[in-house]
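These notes concern the structure reproduced below.
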Amino acid sequence: MKEGFLMGGGLIIAGLALQLSVGPVVWEAFAWPANGIVLACFIVMLTAMAYLRKKVYAFQWMSTYQAAIPAMVYAVVLTIIMGLTRQQVNGTWLNNMLSFWPFVLIYVYITVIVGLTIHRRLRKLFRGEFSMVKDAAFLLNHLGLFIALVTATLGNADMQRVKMICSIGEPEWRALTQQQTIKEMPIAIELKKFIMETYDNGKPKRFASEIQILTKTGKNIETTIDVNKPYEVDGWKIYQYGYDTQMGAQSQITILELVSDPWLPWVYTGFYMMLAGAALMTLMVLWRRLRKATSKALWAYFSLAVFASLFAYFFFDSYNTKTLVPALQSPWFAPHVFVYIFAYSLLGVAVVIAILPPKLGGHRGMNKGMPDASSDPQPPNLGGLDSLVYISLAFLTIGMLFGALWAKEAWGHYWSWDPKETWAAITWIAYLVYIHYRQLPRHRERLALWMLIGSFILLQMCWWGINYLPSAQGSSVHTYQNNI
């Protein structure tokens, strides 16, 4: 563990040196074909490190918990700083963490650890030691995360996002880039009619645009663009973004956002693998716990499931779903919110159990016979508390990925490090730190308890504390105030 923290600290120092010497990370430099070359070199590097593991101690060590835990702790700390500071595209250092070298290097380091860990597990498959359930869940989660991290990061340089202001009766083929420059588009769009519906209080219920699309390939398309219902043509997705708020329903213009994301299929591959891995992990944990459970334990599990379901249902029902803003009117709304709140309620119960004295069912002594952290990572021999955390983390993962898929349909990007998304990542990584720490054969249970409590506090920041953070005011698309 000391080596792990020294390694992370060294990366922070190296990142600060790079920040001072060459300036911030310039992601535009990784546009195709540079990102393809970087990806190929990265895969070759990981493969070489994996095959040299027996000769180079550091390469073998990087696939252990002692390397992973400190790396994730550094990631949590840096991401918390990001969540507390207002992020700006042209900000300096802590105000533009995505271009801050220490932040980037820590996440690259985590990706290397994940890649080496995957390679280690794949060797079991080639040796014929593969467990269809345990190892499949492990690989789906880790390989999915690796694919999503790598392709989303490198592919971001090839993503194009532009805004087009279209007027009634006037075809428009020019758009404004994020750098505020004019770009001629391969498609022209003409607004035929702007549609707006309001609630009784005058707040927008729906706004949409009837448009005509002309392409250089000869297509002539008439369609309606709604919030949460983009239209795709020739590699571009067209989103309803805004309108003339002064004119309201009488607006003579519409603001559309056009997004091209060529790496999206690869990112979605990672997402769906993680969804499958989370579901499989949940089933595996439930099967392990229930097949040997006593009737008393079965009733306890049933009661816990009912409690979590009712809490999630009544919390969801407390939303004023009859006056949702257009961005929330999506089929993703119910599953995203319900799954997240279900996970929150289970994690709340986990904290209560952890705090209880041992005689009342607390966490102490629940995990015995943990695998050596230097050996091939194995799914844990779970006790009751850790089973609950694992299931909760699986639902947390599912809820986060549902949110990413919804965000892509609503705003054109599955992950934009919005303050709410930033704190969701903080919470998710914090619980990963806990479950990895519990794998260590000599972990300190009191420290594990504080990790669990600390993770739950971070969860509160993600859940409702974000609404009071200055860094989120006016910059987060997740702060709807009284609109829900």
Side-chain angles (χ1 to χ4, degrees), residues 8-46 71 74-75 77-115 146-163 175-185 235-236 257-264 266-267 270 404 407-408 411-419 421-422 425 471 475:
L11 288 174
I12 297 292
I13 294 172
L16 291 173
L18 286 169
Q19 192 80 17
L20 289 169
S21 58
V22 303
V25 179
V26 181
W27 289 109
E28 292 77 8
F30 291 90
W32 184 264
N35 46 16
I37 296 172
V38 170
L39 177 58
C41 293
F42 188 62
I43 299 298
V44 170
M45 181 193 74
L46 285 177
Y74 278 113
V77 172
L78 288 171
T79 313
I80 286 176
I81 295 173
M82 181 182 189
L84 293 174
T85 55
R86 186 177 292 275
Q87 298 296 298
Q88 301 171 344
V89 176
N90 297 319
T92 58
W93 290 49
L94 301 183
N95 295 109
N96 189 8
M97 293 290 283
L98 294 181
S99 298
F100 186 47
W101 275 104
F103 182 88
V104 174
L105 289 180
I106 287 296
Y107 273 92
V108 170
Y109 177 47
I110 288 176
T111 307
V112 170
I113 292 173
V114 174
F146 181 83
I147 292 173
L149 279 175
V150 172
T151 57
T153 301
L154 293 177
N156 188 63
D158 291 331
M159 180 184 292
Q160 298 182 64
R161 302 182 69 178
V162 299
K163 290 184 176 63
L176 191 65
T177 67
Q178 292 179 300
Q179 292 74 34
Q180 304 302 307
T181 60
I182 301 297
K183 176 182 176 66
E184 185 174 329
M185 301 297 293
W236 289 89
E257 184 171 47
L258 285 71
V259 180
S260 174
D261 191 357
W263 290 65
L264 183 62
W266 290 103
V267 178
K408 184 63 179 176
W411 300 309
H413 203 306
Y414 39 81
W415 195 271
S416 59
W417 290 100
D418 176 270
E421 296 168 351
T422 299
S471 59
S475 63

Worksheet item: From Met97 CE over to Thr422 OG1, what is the distance, rounded to the nearest 0.5 angstrom?
Response: 9.5 Å

Worksheet item: So how far is it from Leu149 CG to Leu154 CG, rounded to the nearest 0.5 Å?
Response: 10.5 Å

Practice prompt. Would you check, one step at a time, whether the test side chain to side chain contact (heavy atoms under 4.5 Å, CB included) holds for Phe100 with Asn95?
Written response: CA-CA 9 Å; Phe100 186 47; Asn95 295 109; over 6 Å; no

Worksheet entry | Check: Gln87 side chain, Leu94 main-chain N or O, donor-acceptor pair, under 3.5 Å | yes

Worksheet entry | Residue pair Asp418, His413: steps toward the side chain to side chain contact (heavy atoms under 4.5 Å, CB included) verdict | CA-CA 11 Å; Asp418 176 270; His413 203 306; over 6 Å; no

Discussion item. Which heavy atom of Val259 sits nearest to which heavy atom of Gly412, and what is that distance?
Written reply: CG1-O, 3.7 Å

Response to the item:
Residues at least two apart in sequence or cross-chain that pass side-chain contact (heavy atoms from CB on, under 4.5 Å) with Gln178, listed by chain then number, are Arg161

Worksheet item: Using the ring of each side chain (for Trp, its six-membered ring), is Trp415 parallel, tilted or perpendicular to Trp417, with breaks at 30° and 60°?
Response: perpendicular

Item to complete: Please check if atom CH2 in Trp27 has more than 12 non-hydrogen atoms from other residues, nucleotides or ligands closer than 6.0 Å.
Response: yes

Response to the item:
So CG of Asn96 and CG of Leu98: to nearest 0.5 Å the spacing works out to 6.5 Å

Worksheet item: Once you round to the nearest 0.5 Å, how far does OG1 of Thr85 lie from CH2 of Trp93?
Response: 14.0 Å

Response to the item:
Asp261 meets the salt bridge (Lys or Arg N to Asp or Glu O under 4.0 Å) criterion, sequence neighbours left out, with Lys408

Item to complete: Would you give the length of the straight line joining atom CD1 of Ile12 to atom CG of Leu105, rounded to the nearest 0.5 angstrom?
Response: 8.0 Å

Practice prompt. Report the C-alpha separation of Tyr414 and Leu264 in whole Å, then their side-chain angles, then the decisive distance to 0.1 Å, and conclude whether the side chain to side chain contact (heavy atoms under 4.5 Å, CB included) test is met.
Written response: CA-CA 9 Å; Tyr414 39 81; Leu264 183 62; 3.6 Å; yes

Discussion item. Is it the case that the side chain of Asn35 and the backbone of Gly155 share a donor-acceptor pair, with hydrogens and angles ignored and the cut-off at 3.5 Å?
Written reply: no

Item to complete: Calculate, to the nearest 0.5 Å, the distance between atoms CD1 and CG belonging to Ile113 and Leu46 respectively.
Response: 11.0 Å

Response to the item:
Note: Trp266 and Ile147 closest approach over all heavy atoms is O-CG2, 3.3 Å

Worksheet item: Distance-only, no hydrogens or angles: does the Thr79 side chain make a donor-acceptor pair with backbone N or O of Ala75 under 3.5 Å?
Response: yes

Worksheet entry | Lys163: salt bridge (Lys or Arg N to Asp or Glu O under 4.0 Å) partners, not counting sequence neighbours | Glu257

Practice prompt. Tell me, with the steps shown, if Thr153 and Tyr107 meet side chain to side chain contact (heavy atoms under 4.5 Å, CB included).
Written response: CA-CA 10 Å; Thr153 301; Tyr107 273 92; over 6 Å; no

